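Reviewing the structure listed below.
Predicted model, so just to flag it, every value in this text is computed and none were measured. The first residue in the sequence is number 1, and the count goes up from there.
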Amino acid sequence: MLCVALAFCLPGLVGHQPWKPDEGYIFAGIFHMLQSGDWIVPHLAGEPFMEKPPLYHWVAAVTATLTSSILPLHDGARLASGVFIGMALWATALAGRIAWGVGHGRIALLIMLGTLGLLNTVPLMLPDLPLTAGFAVAMLGFVAHAFERKWAFAAVGIGVGMGFLAKGLLAPGAIALAALTLPICFAQWRDRRYLRMLLLALLVALPCLVIWPTLLYVRDPVSFVTWVWDNNIGRFFGFSVDLLGAASERGFWTKAFPWFLFPWWIFLGIGLWNTRARILRDTGMQVGLAVALTLTFVLVIAGSARVIYALPLLPALALASTGVLNHVPMRLWHILGAMGAVIALLMASLSWYLWSALTSSGQAPEWQWIMRNVPLTFDLPVSLPVVAVAALLSAGWVAILFFCRRIAQGSLLLWTASMAISWALPMLLLLPWLDVAKGYQDVYAALARTLPSRYSCIQSEQFGESERGILQYTQGIVTVRKEVAPLANCPFMLRQLRTTTAVSAPKGDWTLLWRGSRPSSGNERFELFASQSLEEGRRHTAILQKSTVAQQILQPIPRTTWPPRKRFQ
């Protein structure tokens, strides 16, 4: 179980640049914290960025500092994701052990790891990971209270505080609804001991709920209002999503929940049906369903929606699903194990095949989905330790495949191990190739070479949040956004386009200096212009044009024309 958990959580934590859509702007706040020492107001490319509270930034700044001698800052910061997902898994496993008995902790952990929605989220900088950890710790506190653990109130309070400092009012609101739902629906929670536990938990959470918002208000009242009104209340009720993005579409969660929570929503429904809901008398089921249903209600009625907002559902779903393990037909478990084996075989075969092709010839197969997402030509470096770990993981999965029938809950272990190997092998074998396609370092380096070594300012238009953060980190370039300062009189302008159709030049006297994009980046591209109405822009345009002409004159004659190549049959 431990090997499966490590295989799921560790690959991809280090070894790649900040990726869209979230890592760019999250790491920008961390980078500003490390540079300025300002731990109160997160910044993005020189501007206060109050989308989320700074818990993830704080922990990531610590992990980046501690590992700065051996890892790049962005890799060190990303280790915070490993800390938070480890905390969430630990709390979920302990809640499963307390609620369902010895041996059920590992089952809860494997169920959470085997949820489809957890893939592609662990090795990313996401404030939703400490939010998930907060929900898991609070859920552990409710379970511990029912079994008379004296520390239950501390767990609930810490979970609420973590969730609040991770993402704002969502965690206190949803956990408070769950705390009210339990005594309303189940008689065993209607006593003074439960009320006393909630009051003590509130006292524990109070410093997290008060200290940082107070410091923020004293420091910058405008940023405080932006955080509370626009990014919390406005996102929930929907009146700020047109400005901030991530608007909830009709039927969004109806389409997202079935695959994000797969396969455990099916198992949970079948288990509840087979027990005729008698299992609702068990504490683990009560707490799991209360937390899951209240959070689902909050997500569905909110005006803003993204799939990763459902991550805090996973600990509660895992706890509830652990209780119905023995009430699901064995045939369904066998189907699940076989499905996982097929997926893992396909992903492992594809990963090893692509690795061998890129290391031997530097050429990937000309498949349509590859050409759309990653470059076809890439000289993949070979790291013997990484290849050895990938081979060891592959051998371990084969061993689980052959011996799963001799292991308790073998089908569950096979399914989760299959999810782990399907994620781990691409992250271990193909990460440099994927990083070239998803990262911005190369295209931003080309942009920086086009700009003069010194310039007064550069304006940006339609420039994304993550892109701005990565540009500052990789090249030290901070743009003046046209959306914020439309009258800025800058000699250069950078704009981001997300269309394949021809787009006219910006209004005014601008000359195109450079155009670039990431390899296989779809419709995204960047354009750099110089103003011809300002002396700084005219002078650099003339220098760049002369340099381009000189390069063309001095360019060697291609060997395809002189001397002629000999052709061999």
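- The line from CG of Leu165 to SG of Cys208 is 5.0 Å long, rounded to the nearest 0.5 Å.
- Nearest heavy atom pair, residue Ala88 against residue Met112, reads CB-CE, 4.1 Å.
- Within a 6.0 Å radius of CH2 in Trp90, no more than 12 heavy atoms belonging to other residues, nucleotides or ligands are found.
- A pairwise comparison of heavy atoms in Tyr353 and Ser356 identifies O-OG, 2.7 Å as the closest pair.
- Residue Val324 forms a side-chain contact (heavy atoms from CB on, under 4.5 Å) with just one option from Asp282, Asn274, Ile279, and that option is Ile279.
- Aromatic ring centres of His145 and Tyr194 lie closer together than 6.0 Å.
- Atoms OG and CE, from Ser321 and Met285 in turn, are 7.5 Å apart once rounded to the nearest 0.5 Å.
- A salt bridge links Asp22 to Arg306: one of the charged nitrogens lies within less than 4.0 Å of a carboxylate oxygen.
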Between Ile175 and Phe142, does the side chain to side chain contact (heavy atoms under 4.5 Å, CB included) criterion hold? Intermediate values first, please. CA-CA 10 Å; Ile175 294 174; Phe142 286 119; 4.0 Å; yes
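- The shortest heavy-atom contact between Phe252 and Ala305 is CD2-CB, 3.7 Å.
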What verdict does the side chain to side chain contact (heavy atoms under 4.5 Å, CB included) test give for Gln17 and Lys438, after you've listed the backbone C-alpha separation in whole Å, the side-chain angles of each residue and the deciding distance to 0.1 Å? CA-CA 8 Å; Gln17 307 168 47; Lys438 294 178 68 66; over 6 Å; no
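- Cation-pi check for Arg276 over Trp273 is met; the charged atom lies under 6.0 angstrom from the ring centroid and within 45 degrees of its normal.
- Nearest heavy atom pair, residue Pro426 against residue Ser351, reads CG-OG, 3.4 Å.
- Between the Arg78 side chain and the His16 main chain, a donor and an acceptor come within less than 3.5 Å of each other.
- Counted within 6.0 Å of CZ on Phe297, heavy atoms from surrounding residues, nucleotides or ligands total 12 or fewer; the atom is thus considered open.
- Among the candidates Leu314, Val143, Leu289, the single residue satisfying the side-chain contact (heavy atoms from CB on, under 4.5 Å) test with Leu319 is Val143.
- Arg97 places no side-chain N or O within donor-acceptor distance of the main-chain N or O of His104, the cut-off being under 3.5 Å.
- Among all heavy-atom pairs drawn from Val14 and Leu79, the shortest one is CG1-CD2, 4.1 Å.
- Thr283 places no side-chain N or O within 3.5 Å of a backbone atom of Ala146 that could act as its donor or acceptor partner.
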Take Phe402 and Val398 through the test side chain to side chain contact (heavy atoms under 4.5 Å, CB included) and record every step on the way to the result. CA-CA 6 Å; Phe402 277 100; Val398 172; 3.5 Å; yes
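- Leu354 CG to Leu429 CG: the interatomic distance, rounded to the nearest 0.5 Å, is 9.5 Å.
- From Leu325, atom CG reaches atom CD1 of Ile111 across 6.0 Å, with rounding to the nearest 0.5 Å.
- A donor-acceptor pair under 3.5 Å is formed between the side chain of Arg190 and the backbone N or O of Ile184.
- With a 6.0 Å radius and a threshold of 12 heavy atoms from other residues, nucleotides or ligands, Arg193 has its CZ atom above the threshold.
- Leu414 contributes atom CG, which lies 13.5 Å from atom CD of Gln409 (distance to the nearest 0.5 angstrom).
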Could you check Lys20 against Tyr440 for side chain to side chain contact (heavy atoms under 4.5 Å, CB included), going step by step and ending with a plain yes or no? CA-CA 9 Å; Lys20 285 177 62 178; Tyr440 283 89; 2.6 Å; yes
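- In this structure, Asp435 and Trp19 approach most closely via the heavy-atom pair OD1-NE1, 2.9 Å.
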Apply side-chain hydrogen bond (donor to acceptor under 3.5 Å, both in side chains) to the pair Gln188 and Gln286, showing each step before the final yes or no. CA-CA 10 Å; Gln188 71 185 73; Gln286 293 173 359; 3.3 Å; yes
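- Between the side chains of Tyr56 and Ser81, at least one donor N or O lies within less than 3.5 Å of an accepting N or O.
- Under the 4.5 Å side-chain criterion, counting only non-hydrogen atoms from C-beta, Pro18 is not in contact with Tyr25.
- The pair Arg235-Glu51 meets the salt-bridge criterion, with a side-chain N (NZ, NE, NH1 or NH2) lying under 4.0 Å from an Asp/Glu carboxylate O.
- Classified by interplanar angle (parallel below 30°, tilted 30° to 60°, perpendicular above 60°), the ring pair Trp355/Trp352 is perpendicular.
- With sequence neighbours excluded, the residues satisfying side-chain hydrogen bond (donor to acceptor under 3.5 Å, both in side chains) with Trp397 are Ser418.
- The structure places CH2 of Trp333 at 9.0 Å from CG of Asn326, a figure rounded to the nearest 0.5 Å.
- In summary, the aromatic rings of Trp264 and Phe267 are positioned with their centroids under 6.0 Å apart.
- Listed by first then second residue, pairs satisfying side chain to side chain donor-acceptor pair (under 3.5 Å) with a partner in residues 148-177 read Asp128-Lys167, not counting sequence neighbours.
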